[in-house]
Each structure stands twice: as C-alpha cells, then as structure tokens.
Amino acid sequence: MAGWPTSKRNPFSNLVHCWSTWKDLRRYPGLFSVSDAMLNLHLVLLPRRIPYQRAGKALAKETRIEVVPDGTHKVTVVGRDLVFYWPAAISNNLHYTIDQEFNPGNPHHYTTPPIELTSQSLVLDVGACEGLFAFRAVRQKLAARVICFEPSPRNVRYARLAAQQNRAAEQVTIERLAVGKSAGRFRFVEDDTAPDGHSVVQGEGQPEASMVDCVTLDEYCASKGIRLGRRDLIKIDAEGSDLDVLLGAERLIRNDAPQIAVTTYHKPEHASLIVDFLKSIQPAYRLRLKGFSSWNPVPTPVLLQAALPREQTDG
C-alpha cells in the first residue's frame, strides 16, 4: 500500500468511478455485491489524513516494534502471539497489513467465504512477503502446510527466522522463487523505496548475483508431485504479476479446481481480466470480488476469491 496521508483526492470523482466499475463488473451472478463493493468505502472517500491518523493509533496498540541490527524491524502482534519482520520504514500503513489478516471486514482478508480451509489444507502463498498470512493460516489451523514463494532474499531470510519463532517451521516452506506465466531467470531488484519493502522482477541478461529463478505453479507442482484438492488454496499477491501467476497455473485450475484468492488492485484492468479468465477455464467457480483500494490514485477492486460450490467440493 502506498504512503498516502498528504495526497489529495476528489471524493465525488472516486465515488463515480467506484459506481461505474461496480456496474461494469456485475456480469456474473453474485460476483460483486453492493455490500462487498462498500467494504472500506469510507477510506476511499475520506480525506487521507483521517484514516491515516487512526491507523497510527491502532498500530501503537496492536504492536511492539524493535529494530534489529541491519535496520529491519521485528514486529510482535500484541495478543496474537505472532512475530514478523518488516524490512521497510515503519509507517502507519503497517496497521493495514495487520488488519487485513485479522479483520474479516477488510476487503484484503483472504479467507472469507467462499474460501473454506481446513486443518488439512495445502496453501500455495505467492508473494508471501513477510509471511504473516502463512503464519496466521498455520496458527489458526487453516492449513496443514503452506508453501511460500518470495523472490526477495531479505524477505526469505527473515520469513524463515519468523517461522521458527512462531513455531511454524515444520509447516511453512519458504521458496526463494518468483512465480509467473513462464519459467526462466530474471533480474531481481530490491525496492527499498516501496512502502511495504516489496520487490520487483525486471528484465533479463543481468549479473548472476541479481538473478532469481521464476517458475510456473503448473511446473512447480508437477516437479514436486503436488496435486491440489478443492479445499486447498492458491493465494496470490504478486505486485502486478497476479494475472501471469494464474496463466502459469491454468492446468492446476482446470484439472484440480483449487480455491483462489488473488489481489486485483495492482492494475486497473486486472479485476475484469482475471474474472473472465477464471470463468473461462472453470465455469463452475463461485466468484466474489471485494472492496476498492484507497491507496491507489484511482480506486480499483481489491481482491477476488474463487471456489467451487460446496456441493461440488471433495470435502
């Protein structure tokens, strides 16, 4: 999420844009309900400084933060018995990263219906970043195993440390891999200016030290002998590569029909493209689109969830 406390916005134009987008995306029954479109709509309309100040107050109550030797921050979530490491500067926006994990009313919350996980579920976590989602899934017994994909060596190092400290190392596997629509090796850039410490993958033909392997989920699962069930989940927050990740998982989706929770806010066209792609290869999916982003210059839908109706799952 962008650092946005001082930038200006036009509430009226944002409201008109949200209404127009909502209207255009109601092409499938139940896809984008009025109530789901209104999740956190007040954040889209209010002056940015108001929710930002509230987020700061909440952050002070819900965390204990200490700096480790290299400047990374160790964050303890008060009352949750969870620890994670934050490589970027601390801002009030960190509250929203925590809130999206523990508040089902946050449109970025991955595990609301139609997603139904069990203590036996397998989760593929693409764009695991600090690992908080994986640790929550294990702690809340939403998964037996989580495989995290994260290209940043710094994030991988600290996520592995946090997995040990959260007593989740046996259930959480952290792969230093990018995920896309085709396999290869790509230039990797740590983006310290990004507010969440996120990283980007760009170009090819760079020095070996700056390279990262990229896999498709189809090829990764085939190589590991992984077969997804309909109570398993592909969770994706890939910083704009979200559609590419799904394109590289077409065989898994078509044959296995796992549950999916994918961010759609990184690019304005993604919500529409991802909805139509999933419906084209798995028409039986029940789809749920949630919320509008308050941190983008123009609000875009936040998260799409997909799952087969309960009567078609394998339990």
Side-chain angles (χ1 to χ4, degrees), residues 1-11 13-15 17-18 35-68 71-112 127-136 139-140 155 158-159 162 191-199 235 237 239-240 261 263-266 290-303:
M1 295 180 184
W4 39 251
T6 59
S7 58
K8 296 181 180 180
R9 63 175 12 145
N10 185 320
S13 63
N14 277 356
L15 184 60
H17 177 79
C18 290
S35 58
D36 280 342
M38 293 181 66
L39 288 173
N40 278 7
L41 188 61
H42 64 287
L43 297 181
V44 177
L45 302 179
L46 285 173
R48 298 181 188 274
R49 67 180 182 276
I50 295 175
Y52 190 77
Q53 291 169 352
R54 291 175 179 171
K57 293 178 181 179
L59 184 66
K61 294 179 180 179
E62 67 196 359
T63 62
R64 295 195 305 273
I65 301 174
E66 55 187 292
V67 181
V68 297
T72 296
H73 299 86
K74 180 180 180 180
V75 182
T76 301
V77 185
V78 175
R80 303 287 184 178
D81 191 26
L82 281 176
V83 171
F84 66 94
Y85 289 86
W86 196 249
I90 296 295
S91 76
N92 293 354
N93 290 322
L94 181 58
H95 161 72
Y96 297 110
T97 295
I98 297 170
D99 186 71
Q100 75 185 37
E101 292 303 331
F102 298 105
N103 176 14
N106 187 314
H108 209 308
H109 191 79
Y110 296 102
T111 53
T112 52
C129 195
E130 77 293 324
L132 186 55
F133 169 79
F135 306 144
R136 175 177 75 86
R139 184 60 55 81
Q140 293 182 347
N155 285 351
Y158 279 112
D191 186 2
D192 288 324
T193 66
D196 291 348
H198 288 150
S199 310
K235 169 261 179 185
D237 187 349
E239 301 303 309
T263 52
T264 54
Y265 65 84
H266 295 105
K290 299 194 299 179
F292 283 96
S293 61
S294 59
W295 52 91
N296 288 351
V298 177
T300 52
V302 174
L303 186 76

State whether the side chain of [X] and the backbone N or O of [Y] hold a donor-acceptor pair below 3.5 Å, judged by distance alone.
X	Y	answer
Ser293	Val302	no
Asn92	Ala55	no
Arg136	Glu101	yes
Asn10	Ser13	yes

Over all atoms of both residues, closest heavy-atom pair of [X] and [Y]:
X	Y	value
Thr76	Val83	OG1-CG2, 3.9 Å
Val44	Asn14	O-ND2, 3.3 Å
Ala162	Tyr85	CB-CD1, 4.0 Å
Leu43	Pro51	CD2-CB, 3.3 Å

Who pairs with Lys235 by salt bridge (charged side-chain N to carboxylate O under 4.0 Å, His left out), at least two apart in sequence or on another chain? Asp125
According to ring pair (Phe, Tyr, Trp, His ring centres under 6.0 Å), who are the partners of Phe133, at least two apart in sequence or on a separate chain? Tyr110
I need the [X] [atom1] to [Y] [atom2] distance, nearest 0.5 Å.
X	Y	atom1	atom2	result
Asn93	Leu59	CG	CG	9.5 Å
Lys290	His109	NZ	NE2	7.0 Å
Leu94	Glu130	CG	CD	8.5 Å
Cys129	Glu239	SG	CD	7.5 Å

Would you please say whether a donor-acceptor pair under 3.5 Å links the side chains of Ser294 and Arg48?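 Looking only at side-chain atoms, Arg48 and Ser294 do not form any donor-acceptor pair under 3.5 Å.
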Does one side chain, of Glu62 or His95, offer a donor that lies under 3.5 Å from an acceptor on the other? yes
Ring centre gap for Tyr158 and Trp86 strictly below 6.0 Å: no
Using the benzene-type ring in the case of Trp, are the ring centres of His108 and Tyr265 under 6.0 Å apart?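 Distance test on ring centres: under 6.0 Å, yes.
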